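Just below is one structure, and these are the notes that go with it.
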Amino acid sequence: MQMTSYLQDKQLTIALQGEIDHHGAKATLRTVAEKIEQYLPTDCVLDFRGVTFMDSSGIAIVIHTLRRMTELGGHLRLTKVPPQPEKVLRAAGIDRIVKLEGRDVNHEV
């Protein structure tokens, strides 16, 4: 799992790339948490456009990120989620607690 991030106007955007599975989830979670602690954003966007596969480990990343952003009085949004990770997120009910914005047009059917 690779990621890039940038901060603009107190919005931290983290672009995820690769597979989100149990092998790399802890490192990904740790890196996301470090970025949030470093920048203390009011909004955090997890950009999923580069995610090729996600299992339930991805749900843990979203939940932990949501908890920390809530503690900071901020918000979390998920963007450009491809169909496979979207199915995992919706099956877990994540779409009821975190806003999913836009689909990855490169993966649409």
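Any value given below was found using the heavy atoms of this structure, including those in side chains, with hydrogens, waters and symmetry copies removed. Residue numbers start at 1 and run along the sequence shown. Note that the structure is predicted; figures quoted are calculated from it, not measured.
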Practice prompt. Verify the cluster assignment for M54 and V45: are they in a single hydrophobic cluster under the rule of side-chain heavy atoms below 4.5 Å apart?
Written response: no
Fill in: Set of residues satisfying side chain to side chain donor-acceptor pair (under 3.5 Å) with respect to T79, sequence neighbours excluded
none
Item to complete: State which residues pass side-chain contact (heavy atoms from CB on, under 4.5 Å) with I94; sequence neighbours excluded, sorted by chain then number.
Response: I59, V62, I63, L78, L89, A92, I97, V98
Worksheet item: Looking at residues at least two apart in the chain, or sitting in another chain, which of them share a side chain to side chain donor-acceptor pair (under 3.5 Å) with S57?
Response: D55
Worksheet entry | Main-chain N/O of H23 paired to D21 side chain as donor or acceptor, under 3.5 Å | yes
Item to complete: Name all residues meeting the side chain to side chain donor-acceptor pair (under 3.5 Å) criterion together with R30; count only those two or more places apart in sequence or in a different chain, and write none if there are none.
Response: none
Worksheet item: Do L76 and L72 sit in the same hydrophobic cluster, where Ile, Leu, Val, Met, Phe, Trp and Tyr count as joined when their side-chain heavy atoms come under 4.5 Å apart?
Response: yes
Worksheet entry | Between OH on residue Y6 and CD1 on residue I14, distance to nearest 0.5 Å | 11.0 Å
Discussion item. I need the minimum non-hydrogen distance between R77 and Q11, along with the two atoms involved.
Written reply: NH2-OE1, 2.7 Å
Discussion item. Could you work out, with salt bridge (Lys or Arg N to Asp or Glu O under 4.0 Å) as the rule, every residue matching R67, not counting sequence neighbours?
Written reply: none
Discussion item. The criterion is side chain to side chain donor-acceptor pair (under 3.5 Å); which residues satisfy it with E86, sequence neighbours excluded?
Written reply: R90, R103
Response to the item:
Output for pair (I20 CD1, T28 OG1), nearest 0.5 Å, gives 6.5 Å
Item to complete: Not counting sequence neighbours, which residues clear side-chain contact (heavy atoms from CB on, under 4.5 Å) with Q17? List them please.
Response: Q2
For residues 34-44, tabulate all N or O donor-acceptor pairs below 3.5 Å that involve a side-chain atom, not counting sequence neighbours.
{"unit_1": "E37", "atom_1": "OE1", "unit_2": "R68", "atom_2": "NH2", "d": "3.2"}
{"unit_1": "E37", "atom_1": "OE2", "unit_2": "R68", "atom_2": "NE", "d": "2.4"}
{"unit_1": "E37", "atom_1": "OE2", "unit_2": "R68", "atom_2": "NH2", "d": "3.2"}
{"unit_1": "T42", "atom_1": "OG1", "unit_2": "K10", "atom_2": "O", "d": "3.2"}

Discussion item. Run the salt bridge (Lys or Arg N to Asp or Glu O under 4.0 Å) test against K99 and tell me which residues pass, sequence neighbours left out.
Written reply: E101
Worksheet item: After noting the C-alpha distance and the side-chain angles of V32 and M3, does the key distance pass the side chain to side chain contact (heavy atoms under 4.5 Å, CB included) rule?
Response: CA-CA 9 Å; V32 170; M3 66 185 81; 4.1 Å; yes
Worksheet entry | Distance (rounded to the nearest 0.5 Å) between L46 CG and S5 OG | 11.0 Å
Discussion item. Show the nearest heavy-atom pair for residues P85 and F48, with the distance to one decimal.
Written reply: CB-CD2, 4.5 Å
